[in-house]
Student: 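Here it is: the structure, laid out below.
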Amino acid sequence: METTFTGTEGQVIRCKAAVAWEAGKPLSIEDVEVAPPKAHEVRIKVVATGVCHTDWEYLYENKKGMRFRPFPLVLGHEAAGIVESVGPQVTKFAAGDQVIPLFLPQCQECDRCLSPKTNLCKRNWAKTQVGVLADGTSRISCKRQQIYQFLGVSSFSQYTVVPDTSLAKINSNAPLDKVFLLGCGVSTGYGAALKTGKVERDSVCAVFGLGAVGLAAVMGCKAAGAKTIIGVDVNPNKFEKAIMLGATECVNPNDDSKSIQEVLVEKTNGGVDYALECVGSPVVMSAALESTTDAWGVCVIAGWTETESMSVVVEKLLMGRTLTGTYFGGWKSVEGVFKLVEDYMEKKLKLDEFITHDLPLNQINQAFETLKSGTSIRTLIRLWEKEAPAEEVTS
């Protein structure tokens, strides 16, 4: 995709964004102003974004399992776009580059980035978690009011500014309306199986929750060569897609009087080798752990919750099980996303199949409804219905 930017560098840009003015209320399409990038920042034109369950959860269930983040804010953290301009001291990006913004940075300098043990870089972490960039302010404003940036990204805006350590430069030929999925859901689930869980060939796996993250985990288990992949979800409408992506069978916990962990232990003659929890529910997390076999069972928590606690029967761990969590699938974000885009371009990774709905920005609230009702996997939000030049603000 080719885009030419003329005369906007160093200028404030006025564009459209979906603003969350307060919790529990639908998003409002507003004219916002996006300031130029400061040192080590990049301003990007967002072309495509997805509506993730974390966006929905923060807007409508922000007192349940989520830490408080200030309103008003622009949500969105799974996206792809094009660099419009770069701030001072940015050396790795230039106008016209195709990029994927990242809620997890990779500065490539800190002890965590230099260690093979983790992907949890903390550059600017404390600031982006509360909706601001390195200097403590946001680059987005509306009606003379600061608008906070969700996880330092805010992809429900036609333009946004992100730190240069939270951005992956990708293949210039990659379709942005597909690879945006690698900004969150698919990377998280796929990596939960391959990077964090390290699923082995011929193993038996169970994936709890068949949304985007869970379906990507199914795909990861298949890529690892698992012989049995059991999809678990209370919505049977998701079973067909799970089978298509690699599940060998699917079960609905509501179809049996026994608990789902009992069902799986019986079905697998002792428990699964790997359980991947992709719901974000403490009850489901406990069930996933208890569905694994003793001696070597591994349970990976990929579902997101920030403040809730899960129940663990200590004996389950004493008998040799491993319980671990994953953030962004364990990928070192900048390097990992670049590679995953290449895998998609080489047809080693499926993405198109995750997109069930396609809507313009002004219908974004409909995307939240399809997510809540369970009728969508991922809705593609197109930020630009027609190509138009950015509007400068001179005062």
Student: Mind running side-chain contact (heavy atoms from CB on, under 4.5 Å) on Leu349 and Leu340 for me, showing each step along the way?
Tutor: CA-CA 8 Å; Leu349 178 68; Leu340 290 169; 4.2 Å; yes
Student: Is a side-chain N or O of Lys258 found less than 3.5 angstrom from the main chain of Val263, in a donor-acceptor match?
Tutor: no
Student: Less than 4.5 Å apart, side chain to side chain, heavy atoms only: is that true for His77 and Cys52?
Tutor: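 When only atoms from C-beta onward are counted, Cys52 and His77 do touch, with a gap below 4.5 Å.
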Student: Look only at the side chain of Asp202 and the backbone of Lys227, and say whether a donor-acceptor pair between them is shorter than 3.5 Å.
Tutor: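 Such a contact is absent between Asp202 side chain and Lys227 backbone.
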Student: Does the side chain of Asp55 come within less than 4.5 Å of Phe156's, by heavy atoms?
Tutor: yes
Student: Do any N or O atoms from the side chain of Gln89 and from the backbone of His40 form a donor-acceptor pair under 3.5 angstrom?
Tutor: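 No; judged by distance alone, with no hydrogens or angles, the pair does not exist.
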Student: Which atom pair, heavy atoms only, marks the closest approach of Gly297 to Thr292?
Tutor: CA-CB, 3.9 Å
Student: Is the shortest side-chain N to carboxylate O distance from Arg321 to Asp294 below 4.0 Å?
Tutor: no
Student: Would you say that Cys15 contacts Asp31 through its side chain, given a criterion of any heavy-atom pair below 4.5 Å between the two side chains?
Tutor: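 No, side chains not in contact.
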Student: Do Cys278 and Val207 have side chains that get closer than 4.5 Å, going by heavy atoms?
Tutor: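 Yes, their side chains come closer than 4.5 Å.
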Student: Taking the side chain from Glu277 and the backbone from Val279, do they hold a donor-acceptor pair closer than 3.5 Å?
Tutor: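 Pair found, side chain donor or acceptor close to backbone of Val279.
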Student: Hey, are the side chains of Leu181 and Tyr344 touching, using non-hydrogen atoms and a 4.5 Å cut-off?
Tutor: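 Answer no - side chains too far apart.
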Student: For a 4.5 angstrom cut-off between non-hydrogen side-chain atoms, does Pro105 reach Asn124?
Tutor: no
Student: Does anything in residues 101-113 form a side-chain hydrogen bond (donor to acceptor under 3.5 Å, both in side chains)? List the pairs, not counting sequence neighbours.
Tutor: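 Non-adjacent pairs meeting side-chain hydrogen bond (donor to acceptor under 3.5 Å, both in side chains): Lys92-Gln108, Gln106-Glu335, Glu109-Arg123.
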Student: Is there a continuous path of hydrophobic side-chain contacts, each under 4.5 Å between heavy atoms, that joins Phe180 to Met219?
Tutor: yes
Student: Where is the tightest heavy-atom contact between Ala20 and Leu75, given as atom of each residue plus distance?
Tutor: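 Shortest heavy-atom separation between Ala20 and Leu75 comes out as CB-CD1, 4.4 Å.
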Student: If you apply the rule side chain to side chain donor-acceptor pair (under 3.5 Å), what do you find for Glu200 with Ser203, and how did you get there?
Tutor: CA-CA 6 Å; Glu200 296 176 318; Ser203 59; over 6 Å; no
Student: Return yes if some donor-acceptor pair links the side-chain N/O of Asn119 with the main-chain N/O of Trp331 below 3.5 Å, else return no.
Tutor: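 Such a contact is found between Asn119 side chain and Trp331 backbone.
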Student: Please tabulate, for side-chain N and O atoms in residues 182-196, each donor-acceptor pair with protein atoms closer than 3.5 Å (sequence neighbours left out).
Tutor:
residue, atom, partner, partner atom, Å
Ser187, OG, Leu182, O, 2.7
Thr188, OG1, Cys184, O, 2.9
Thr196, OG1, Thr326, OG1, 2.7

Student: Minimum heavy-atom separation for Thr379 to Asp358, with atom names?
Tutor: CG2-N, 4.4 Å
Student: Report yes or no: does Glu84 contribute a side-chain atom to a donor-acceptor pair with the main-chain N or O of Tyr159 at less than 3.5 Å?
Tutor: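 Flag not set: sc Glu84 to bb Tyr159 has no pair under 3.5 Å.
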Student: Would you give the length of the straight line joining atom CG of Leu361 to atom NZ of Lys16, rounded to the nearest 0.5 angstrom?
Tutor: 9.5 Å
Student: Minimum heavy-atom separation for Leu351 and Lys178, please, with both atom names.
Tutor: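 Shortest heavy-atom contact: CD1-O, 3.7 Å.
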Student: Which atom names give the shortest non-hydrogen contact between Val334 and Thr165, and what distance separates them?
Tutor: CG2-O, 4.1 Å
Student: If you count heavy atoms of other groups shown closer than 6.0 angstrom to NZ of Lys267, is the number above 12?
Tutor: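 Not more than 12 within 6.0 Å, no.
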Student: Given Phe150, which partner from the list Tyr58, Phe71, Trp56 fulfils the ring-ring contact (aromatic ring centres under 6.0 Å, His included) test?
Tutor: Tyr58
Student: I need the minimum non-hydrogen distance between Val99 and Lys169, along with the two atoms involved.
Tutor: CG1-CA, 4.0 Å
Student: Do Phe239 and Asn252 pass the side-chain contact (heavy atoms from CB on, under 4.5 Å) test, and can you show the C-alpha distance, the side-chain angles, and the key distance before you say yes or no?
Tutor: CA-CA 9 Å; Phe239 291 174; Asn252 184 338; 4.1 Å; yes
Student: Tell me whether Glu346 at atom CD has more than 12 heavy atoms from other residues, nucleotides or ligands lying less than 6.0 Å away.
Tutor: yes
Student: Between Thr137 and Arg139, is a side chain to side chain donor-acceptor pair (under 3.5 Å) present by the stated rule, with each step listed?
Tutor: CA-CA 7 Å; Thr137 66; Arg139 300 292 165 267; 2.8 Å; yes
Student: Are side-chain N/O atoms of Trp21 and Glu30 paired as donor and acceptor at under 3.5 Å?
Tutor: yes
Student: Tell me whether the centres of the aromatic rings in Tyr327 and Phe103 are closer together than 6.0 Å.
Tutor: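 Yes, the ring of Tyr327 comes within the 6.0 Å limit of the ring of Phe103, centre to centre.
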Student: Please confirm whether the backbone N or O of Val162 pairs with a side-chain atom of Ser166, one donor and one acceptor, at under 3.5 Å?
Tutor: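 Side chain of Ser166 to backbone of Val162, a donor-acceptor pair under 3.5 Å: no, none is there.
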Student: For Leu27, does its backbone N or O pair with a side-chain atom of Asn365 as donor and acceptor, under 3.5 Å?
Tutor: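 Yes, Asn365 side chain to Leu27 backbone: donor-acceptor pair under 3.5 Å.
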Student: Indicate yes or no: at least one non-hydrogen side-chain atom of Lys45 is less than 4.5 angstrom from one of Trp384.
Tutor: yes
Student: Take a 6.0 Å sphere around CG of Asp352 and say whether it holds more than 12 heavy atoms from other residues, nucleotides or ligands.
Tutor: yes
Student: Could you walk me through whether Glu342 and Asn171 satisfy the side chain to side chain donor-acceptor pair (under 3.5 Å) test, starting with their C-alpha distance in whole Å, then the side-chain angles of each, then the deciding distance to 0.1 Å, before giving a yes or no?
Tutor: CA-CA 7 Å; Glu342 293 303 299; Asn171 192 314; 3.2 Å; yes
Student: For Thr160, run the side chain to side chain contact (heavy atoms under 4.5 Å, CB included) check against Pro101, Ser155, Ser154, Ser138 and tell me which one passes.
Tutor: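 Going through the options one by one, the only one that passes is Ser154.
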Student: Can you hop from Val284 to Leu371 via hydrophobic side chains spaced under 4.5 Å?
Tutor: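 Not linked; separate clusters.
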Student: Given side chains that start at C-beta, do those of Asn235 and Leu210 come closer than 4.5 Å, heavy atoms only?
Tutor: no
Student: So does Ile229 get a backbone contact from the side chain of Thr248, meaning a donor-acceptor N/O pair under 3.5 Å?
Tutor: yes
Student: Hey, does the side chain of Lys332 reach the backbone of Cys113 with a donor-acceptor pair shorter than 3.5 angstrom?
Tutor: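 Yes; at least one donor-acceptor contact below 3.5 Å.
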